[in-house]
Amino acid sequence: MSINDAALPTAHGAAGTLALPSWQAELRAAVRDPAELERLLELPAGALGLAAGTPFPLLVPRGFVARMRKGDPNDPLLRQVWPAAAELQPAEGFSADPVREQGLAAHGLIQKYAGRALLIASGACPVHCRYCFRREFPYEAQLAARADWAPAIAALRGVADAKEAILSGGDPLSLSNRRLGDLLARLADTAVTTVRIHTRFPIAIPERVDDGLLRVLRGTRLATVVVVHTNHARELDSNVARAMTTLQPALTALLNQSVLLKGVNDDAETLAALSERLFACGVLPYYLHLLDRVAGAAHFEVDEARGKELVAALRARLPGYLVPRLVREIAGELSKTVLA
Ligand code: SF4
């Protein structure tokens, strides 16, 4: 992944040089050096064990680092982004393409769910999540952004019954507001009625929720659903909460999906705190995914029986609208499989 889809500078700084929008500056300044991350967190050098030479390098914005606990090698936010030595251990049943979607994208469009079509809108991300099922996705070959989206839109028009376009990636909010606006205008000129945006940007870099984005979202005729991705309540600090409450009125729905991750959120207390914090930010919990078995992520796996136990525990203590659906993605199925 890269930031090659991010917007060009659009404003001038005081010294006459081109200045980046603050979210892009934050992305440029993200921590990429594991030794620097250890220093920032006041951890002894080499304390964490590193997957040296991994092709999926460390990338974490400084604002996200600021939410980690200093001196804690087991911090749940750190664990999500640290390239741990355990990633290099081969594990049976874990592969580069766990949901078997590589090669499915024609012109950046994947049609695996009934009534919906998924666009690979960008290969860039605001943070590299170690458990990401697309960590080895060949973005260069399968992006929808080519030729001003025209081939992808033509492919979408050919999908019978496609009512919803799902923008995914990478992260679609790594597109500039201008490019995102252009894409939404083109989608609005098809038969789809809803656009869904899967994004971790408002969590990783809340500055992404800027006036230009709000204008783009308010300006489309399409029903607009944003599904953010949060795994732990501490990801939702006051800056993120502000971004969420700014974003929410511009949308039809604001939902969250999480991945159930060992050592991050695999206890009822943590998951309940996440649901409650999401609600306080105006976001409803939607899905809790069992891990997709991508190579390098075996140390995050929580089994299905434990997942069901945890959702039952949530149901016993929270109102139904705060209990996410436990789901698993099974390659070839026309929708996610709901387990609890
Ligand atoms: S989970 Fe989302 S933000 Fe994280 S690396 Fe994967 S696509 Fe990027």
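The figures that follow rest on heavy atoms only: side chains count, while hydrogens, waters and symmetry mates do not. Whatever order the structure lists ligands and atoms in, that order sets their numbers, starting from 1.
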message = Using heavy atoms and a 4.0 Å limit, tell me yes or no: is Val127 in contact with ligand 1?
response =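 So Val127 counts as touching ligand 1.
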key: Nearest-option assignment for atom 4 (Fe) of ligand 1, heavy atoms, candidates Cys129, Gly170, Ser122, Ser174   =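 Result: the heavy atom closest to atom 4 (Fe) of ligand 1 is in Cys129.
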query = Once the angle between the rings of Tyr131 and Phe300 is folded into 0 to 90°, is it parallel (under 30°), tilted (30 to 60°) or perpendicular (over 60°)?
reply =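 Geometry flag for Phe300 against Tyr131: perpendicular rings.
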request  = Measure up the Phe137 and Tyr139 rings against each other and bin them: parallel (under 30°), tilted (30 to 60°), perpendicular (over 60°).
outcome  =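 It falls in the tilted class, 30° to 60°.
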query = Taking only residues two or more places apart in sequence, or in another chain, which ones meet Arg242 in a side chain to side chain donor-acceptor pair (under 3.5 Å)?
reply =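 For Arg242, the residues satisfying side chain to side chain donor-acceptor pair (under 3.5 Å) (neighbours in sequence not counted) are Asn239.
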task = Show which atoms of ligand 1 fall inside a sub-4.0 Å distance from at least one heavy-atom site of His229.
result =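 With His229 as reference, the close atoms of ligand 1 come out as 1 (S).
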inquiry  = Taking Ala30's backbone N and O only, do any of them form a donor-acceptor pair with Arg32's side chain (distance below 3.5 Å, no angle check)?
reply    =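 Confirmed, Arg32 side chain pairs with Ala30 backbone.
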message = Under 2.8 Å from atom 6 (Fe) of ligand 1, can any N, O or S atom of Cys125 be found?
response =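 Cys125 does not place any N, O or S atom closer than 2.8 Å to atom 6 (Fe) of ligand 1.
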